[in-house]
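The next block holds one structure in the form of structure tokens; read it before the comments.
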2 protein chains.
Amino acid sequence: MESTIAPPVKGRPREFCVDKALAEALHVFWAKGYDGASMTDLTEAMGITKPSLYAAFGNKEALFHKALDLYEAEKLEYTRAALQQPTARKVAEYYLRGGVDVHAAEGEPHGCMGLMSSLACSPEAESIKADVIRRRASSQRALVERFEQAKREGDLPAHIDAEGLTSFLYAILQGITVQAGAGATRAELERLVDTSLALWPSK
Amino acid sequence: MESTIAPPVKGRPREFCVDKALAEALHVFWAKGYDGASMTDLTEAMGITKPSLYAAFGNKEALFHKALDLYEAEKLEYTRAALQQPTARKVAEYYLRGGVDVHAAEGEPHGCMGLMSSLACSPEAESIKADVIRRRASSQRALVERFEQAKREGDLPAHIDAEGLTSFLYAILQGITVQAGAGATRAELERLVDTSLALWPSK
DNA sequence: GTCATTATATACCGCCCGTTATGGAAAGCA
DNA sequence: TGCTTTCCATAACGGGCGGTATATAATGAC
């Protein structure tokens, strides 16, 4: 999964690895949010200077979008795996337990990078918020379709509102990331997940 | 409910109403979050100058704490009324419908002021985050006790985990405020509430 | 009228923000 | 050896931040 296609042969070679620098930037954005992450925070974590950052990534906003791509590809991969679970209940369980694993992991920032960066953002970060909302809507659409399929396949009662159930599942996931960011322990989050699954509709 | 006890008789009289200015500050903090609200935003909305603000409220942080007091007293009053509902289900319904009413009201900022100000905050705003978390924990404790009471009174099954159920209810409420802030319509939020209540445990 | 006290208005402080201009260093090519 | 190209390092830019010093205006007390 190399992002560089053809290495430029002319000129002074780059002295840092773009992918590693982006991974460091991801951690900073994840821990502090878009507005909270300063260029100094980013360059220090990435181990490069500001002109190098601008030459390699464009600007702070472009860097964030690339970091968000990486976040979705690496950290939110479980949301795609969840959709392939055999029943709606298992989809939900995969979603919630995956959410706890990722957003309350030891050695990583607690909370959701997208939510942190989009909930309260400065006027110049409106495009960040719009990007996060667009990606979230896309993910929710896939979940609605998965629950419609579950209704056709009979593992979800026919009277269930697939969109309402998707909003519901997403709300719990958002609550998990909020409470994780506020310092909730893993055990507390697992009790929340267990309670949620105990209430999940069954045929 | 006058906050001024004894009006100072000496010196030049104040030319603005402290309570009205605080209400305006509340709206700014609510719409933009603590970090996102600049002193210029605040003074312009309050109709006063910076020295007047500092003389009357101390500094930005003290102003926020007072605005949060007002927010809890006026906007979150429904959470106290909810605890007095006769059954656990009605407590939950009051909580969720009240949350939609307050956090997706027309003419007011959408989303939760506390959550916006505490989820992603700068290092100097850590005390803000700690205050919000402390208040939230206090509110959750009351909810746990209310659900324990419901178990004793028999309108909640005995096997229910009151703390898990409280985290669960709070997660949905947090999801409501997040989705309201992201632009969800009132109808969408009401479907989320209806779905949540349909799954609520019954005796 | 004079004084002490409090509020207002203007201008300013040092600091950090995201971004960029400038000059030199390291590579391939001729 | 130039020449071009690309990258690195330093330092600076204009602007906004939270907070404040200074001077003036408006009141009650005497």
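Atom set for the values below is all heavy atoms of this structure, side chains included, hydrogens, waters and symmetry mates excluded. Just so it is clear: chains get the letters A, B, ... in the order the sequence lines come, proteins before strands, and each one is counted from 1.
When the nucleotides D/dG18, D/dT10, C/dT8 are ranked by their closest atom to the side chain of B/Tyr54, D/dG18 comes out on top. Among the nucleotides C/dT8, D/dG19, C/dG18, the one closest to any side-chain atom of B/Met39 is D/dG19. Here the nucleotide nearest the side chain of A/Thr49, chosen from C/dC17, D/dA26, D/dA9, is D/dA9. You'll find that the side chain of B/Ser38 is closest to D/dC17, out of D/dC17, D/dT20, C/dG18. In the set D/dC7, C/dT19, C/dT8, C/dT19 carries the atom at the smallest distance from any side-chain atom of A/Lys60. Residue B/Ser52 has its side chain nearest to C/dT8 when only D/dC7, C/dT8, D/dT20 are considered. For B/Pro13, counting side-chain heavy atoms from C-beta on, the closest listed nucleotide (C/dA26, D/dT27, C/dA21) is D/dT27. The side chain of A/Arg12 lies closest to D/dC7, out of C/dA9, D/dC7, C/dT19.
Rounded to whole angstrom, the span from the CG atom of A/Leu42 across to the P atom of C/dC17 amounts to 10 Å. As a whole-Å value, the separation of B/Phe16 CZ from C/dA7 C1' is 9 Å. Rounded to whole angstrom, the span from the CG atom of A/Leu53 across to the P atom of C/dT20 amounts to 12 Å. Atom CZ in B/Arg14 sits roughly 14 Å away from atom C1' in C/dT5 (whole-Å rounding). Atom CG of B/Leu63 and atom P of D/dG19 are 10 Å apart (whole Å). Taking atom CG of B/Asp35 as the reference point, atom P of C/dC17 lies 12 Å away to the nearest angstrom. When rounded to the nearest whole Å, the span between CD of B/Glu61 and P of D/dG19 equals 8 Å. Rounded to whole Å, atom C1' of C/dG18 lies 12 Å from atom CZ of A/Phe29.
Remark: the A/Gln85 side chain and the A/Glu93 side chain contain no N/O donor-acceptor pair separated by less than 3.5 Å.
Mapping B/Asp41 and A/Pro51 onto DNA chain D via the closest heavy atom, the residue that lands nearer the 5' end is A/Pro51. The nearest heavy atom of DNA chain D to B/Glu15 and to A/Glu15 marks one nucleotide each, and the one closer to the 5' end goes with A/Glu15.
OP1 or OP2 of D/dC17 has at least one side-chain nitrogen or oxygen of B/Thr40 nearer than 4.0 Å.
Electrostatic pairing of B/Arg97 and B/Asp194 counts as a salt bridge here, judged by a charged N lying under 4.0 Å from a carboxylate O. A/Arg134 and A/Asp131 are joined by a salt bridge, as a carboxylate oxygen and a charged side-chain nitrogen come within less than 4.0 angstrom of each other. Remark: B/Asp101 engages B/Arg186 in a salt bridge, criterion side-chain N to carboxylate O under 4.0 Å.
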Check the pair A/Lys60 / A/Asp35 against salt bridge (charged side-chain N to carboxylate O under 4.0 Å, His left out), numbers first and verdict last.
CA-CA 10 Å; A/Lys60 185 184 178 183; A/Asp35 283 326; 5.2 Å; no
Yes or no on salt bridge (charged side-chain N to carboxylate O under 4.0 Å, His left out) for A/Lys151 and A/Asp161, after CA distance, side-chain angles and deciding distance?
CA-CA 10 Å; A/Lys151 285 169 70 174; A/Asp161 174 9; over 6 Å; no
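Using a 4.0 Å heavy-atom cutoff across all strands shown, B/Ala37 reaches sugar-phosphate atoms only and no base atom. Across all strands, B/Glu124 comes closer than 4.0 Å to no nucleic acid atom at all (heavy-atom distances).
Interface remark: the A/Lys50 side chain does form a donor-acceptor pair with the C/dT19 base, using a distance-only criterion of under 3.5 Å.
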